[in-house]
Amino acid sequence: MGAGFKPNQPITVGGETLQPGERRTVDLEVGKLYTHTEAIMPVQVICGRQTGPVLFICAALHGDEINGVEIIRRLLRLPALRRMKGTLMAVPVVNLYGFINQSRYLPDRRDLNRSFPGSAKGSLAARTARLFMNEVVSKATHGIDLHTGAINRSNLPQIRANLDDPETLALAKAFATPVILNAPLREGSLRQTAYEKKTPMLVYEAGEALRFDEVSIRGGVNGILSVMRALEMLPKSRKAGFKEPLVARSSSWVRAPQSGIFRANVKEGERVTKDQTLLGIVADPFGESEEEIWSPLSGIVIGLLKLPLVNEGDALIHIAQFHRTDLVADRVESYQEALVAEDHPFADQL
């Protein structure tokens, strides 16, 4: 071994200790179903031979957000991980119950991402949160949480993080989505709990619930590898990466002015101009009452309702504001063009 070789430390997850150079799937016991069937949370742990950061990557915290499950599956198949420094903990399905039932929530209708840090004697959500915190998050130095838009809503690939922290900002830029949002911390969220433990963490939002989106998936794999290179867990890439993303100044949802059927006139990533861009039309089923929706601000569409049936006040279009929307639009276009190439290295190998 070279003079610069520094051996990694063993890591214990779920009572199982992995030595440097080992790779293993550990089943964390969540509890039992009412059928007496054991419910588990599988964690694949890769303990590199050399010392380095301990990174956790998780998906399906909301059980119907499945893009991240596929991102992790493709990531774990990459040969590059054999040369990895440090330790990787990958949890493709945190919310097993929601995943099985294709639901955002747990059976007690609680949102797991509002239940952290959890408790040993609380609800099912609280117990699941506590298990994940104790066995995964508490052992990590950094984290990436993979999400999509909620049911019937699609998100442009974007990173949400606490950008006031310099290390987190650097990792957010390394992930290289076209858009970064300085998102406020939410009470009971995984991100807030990680922040309180001084663990830099990113939230990747892309696509919609219960649907695979190829650009979002490839962008997720690319972003994770870029972050691992920034953390020096993987060697630097010789290929040119994406242009540096831009940070949104603010964002807001445009809501339905009346109940009816919504016809969108824009798509994710599109540039809109205040009072000049027709975002869409809401009409009754007979077409007797139609109301046009003009953009109330200039920016980029980063979220869009996919269900045409709306009630007055429903969130329709999420617009982020930037100092230079033309630059963001250019980054979105180049990002999407690069990821849709048929020979892209992160395409699924059937």
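At distances below 3.5 Å, at least one donor-acceptor pair connects side-chain atoms of Gln158 with backbone N or O atoms of Ile302. One N or O on the side chain of Thr193 and one on the backbone of Ser189 form a donor-acceptor pair closer than 3.5 Å. Looking at Arg127, its side chain does come within 3.5 Å of a backbone N or O of Gly122 through a donor-acceptor pair. Looking at Asn67, its side chain does come within 3.5 Å of a backbone N or O of Asp213 through a donor-acceptor pair. When atom types are taken as modelled, the side chain of Asn152 and the backbone of Leu307 share no donor-acceptor pair closer than 3.5 angstrom. Within the 3.5 Å criterion, the main-chain N or O of Tyr195 finds no donor-acceptor partner in the side chain of Thr199. With hydrogens and angles disregarded, no donor-acceptor distance shorter than 3.5 Å links the side chain of Asn162 to the backbone of Ala183. Thr277 contributes no side-chain N or O that, together with a main-chain N or O of Leu279, makes up a donor-acceptor pair within less than 3.5 Å. For Arg218 (side chain) and Leu339 (main-chain N/O), a donor-acceptor pair under 3.5 Å exists by modelled atom type.
Within the structure, every pair that satisfies the ring pair (Phe, Tyr, Trp, His ring centres under 6.0 Å) test and touches residues 201-236, not counting sequence neighbours, is listed here: Phe175-Tyr204.
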Derivation and outcome, side-chain hydrogen bond (donor to acceptor under 3.5 Å, both in side chains), residues Arg110 and Ser115: CA-CA 8 Å; Arg110 291 181 186 269; Ser115 302; over 6 Å; no
side-chain contact (heavy atoms from CB on, under 4.5 Å) evaluation trace for Leu76 with Ile46: CA-CA 9 Å; Leu76 292 175; Ile46 305 175; 4.1 Å; yes
Candidate pair Val282 and Ile261, rule side-chain contact (heavy atoms from CB on, under 4.5 Å), full reasoning: CA-CA 5 Å; Val282 178; Ile261 299 173; over 6 Å; no
Criterion salt bridge (charged side-chain N to carboxylate O under 4.0 Å, His left out) on Arg114 and Glu187, from CA distance to verdict: CA-CA 7 Å; Arg114 298 294 181 270; Glu187 187 71 27; over 6 Å; no
side-chain contact (heavy atoms from CB on, under 4.5 Å) between Ser289 and Gln258, intermediate numbers included: CA-CA 9 Å; Ser289 173; Gln258 66 179 33; 3.5 Å; yes
Salt bridge (charged side-chain N to carboxylate O under 4.0 Å, His left out) between Glu214 and Arg74, worked out: CA-CA 12 Å; Glu214 191 64 22; Arg74 294 191 195 182; 2.7 Å; yes
Step-by-step side-chain hydrogen bond (donor to acceptor under 3.5 Å, both in side chains) determination, Gln44 to Arg23: CA-CA 7 Å; Gln44 185 153 133; Arg23 176 172 181 164; 2.7 Å; yes
Check against side-chain contact (heavy atoms from CB on, under 4.5 Å), Leu156 and Gln336: CA-CA 10 Å; Leu156 180 78; Gln336 293 175 334; 3.9 Å; yes
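With rounding to the nearest 0.5 Å, the separation of CG in Asp314 from CZ in Arg255 is 8.0 Å. The CD1 atom of Ile72 lies 7.0 Å from the SG atom of Cys58; values are rounded to the nearest 0.5 Å. The CG atom of Leu225 lies 5.5 Å from the CG atom of Leu78; values are rounded to the nearest 0.5 Å. Separating the CZ atom in Arg229 from the OG atom in Ser237 is a distance of 4.5 Å, to the nearest 0.5 Å. Separating the CZ atom in Phe116 from the CG atom in Leu190 is a distance of 4.5 Å, to the nearest 0.5 Å. The structure places CZ of Arg104 at 16.0 Å from CZ of Phe99, a figure rounded to the nearest 0.5 Å.
Applying the 6.0 Å contact sphere to CD of Glu29 captures no more than 12 heavy atoms from other residues, nucleotides or ligands. A 6.0 Å sphere centred on CZ of Arg82 holds no more than 12 heavy atoms belonging to other residues, nucleotides or ligands. Applying the 6.0 Å contact sphere to CZ of Arg153 captures more than 12 heavy atoms from other residues, nucleotides or ligands.
Leu28 and Leu96 fall into different hydrophobic clusters, where Ile, Leu, Val, Met, Phe, Trp and Tyr side chains are chained together by heavy-atom contacts under 4.5 Å. One hydrophobic cluster, built from ILVMFWY side chains closer than 4.5 Å, cannot hold both Leu88 and Val45; they sit in different ones.
A 4.5 Å side-chain heavy-atom check between Ile11 and Met89 finds at least one atom pair inside the cut-off. Leu112 is listed as a side-chain neighbour of Thr128, based on a closest heavy-atom distance under 4.5 Å. At least one side-chain heavy atom of Pro257 sits less than 4.5 Å from a side-chain heavy atom of Ile293. Residues Asp330 and Tyr335 are not in side-chain contact: their nearest non-hydrogen atoms beyond the backbone lie 4.5 Å or more apart. No side-chain heavy atom of Lys274 sits under 4.5 Å from any side-chain heavy atom of Pro296. In this structure the side chain of Val247 never reaches within 4.5 angstrom of the side chain of Leu181, judged on heavy atoms. Pro20 has its side chain out of reach of Gln9: every pair of non-hydrogen atoms, C-beta onward, lies at least 4.5 Å apart. Side-chain contact between Leu202 and Val227: present, with at least one pair of heavy atoms (C-beta onward) separated by less than 4.5 Å.
Between Glu337 and Val340, the closest heavy-atom pair is O-CG2, 3.4 Å.
Using a 4.0 Å cut-off between a side-chain N of Lys or Arg and a carboxylate O of Asp or Glu, Arg49 and Glu22 do not qualify as a salt bridge. With salt bridges taken as basic N to acidic carboxylate O contacts below 4.0 Å, none links Lys85 and Glu232.
Side-chain contact annotation: His147 with Asp145, donor-acceptor N/O pair under 3.5 Å present. Side-chain contact of Ser250 with Gln321: a donor-acceptor pair under 3.5 Å is present, judged by distance alone. For the residue pair Arg130/Ser119, the side-chain donor-acceptor check at 3.5 Å is not satisfied. Using modelled atom types and a 3.5 Å distance limit, the side chains of Asn155 and Glu205 yield a donor-acceptor pair. Side-chain contact of Arg186 with Gln192: a donor-acceptor pair under 3.5 Å is absent, judged by distance alone. Residues Glu208 and Thr148 have side chains that never bring a donor and an acceptor to within less than 3.5 angstrom of each other. For the residue pair Asn8 and Thr87, a side-chain donor N or O sits within less than 3.5 Å of a side-chain acceptor on the partner.
Each of Arg211, Lys306, Lys267, Glu268 was evaluated against Ser154; a single residue qualifies, Glu268, per the side chain to side chain donor-acceptor pair (under 3.5 Å) test.
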When the side chains of residues 136-144 are checked against the rest of the protein, which donor-acceptor pairs come out under 3.5 Å, sequence neighbours left out?
unit_1	atom_1	unit_2	atom_2	d
Ser138	OG	Met133	O	3.1
Ser138	OG	Asn134	O	2.7
Lys139	NZ	Thr12	O	3.1
Thr141	OG1	Val54	N	2.9
Thr141	OG1	Val54	O	3.1
His142	NE2	Glu167	OE2	2.7

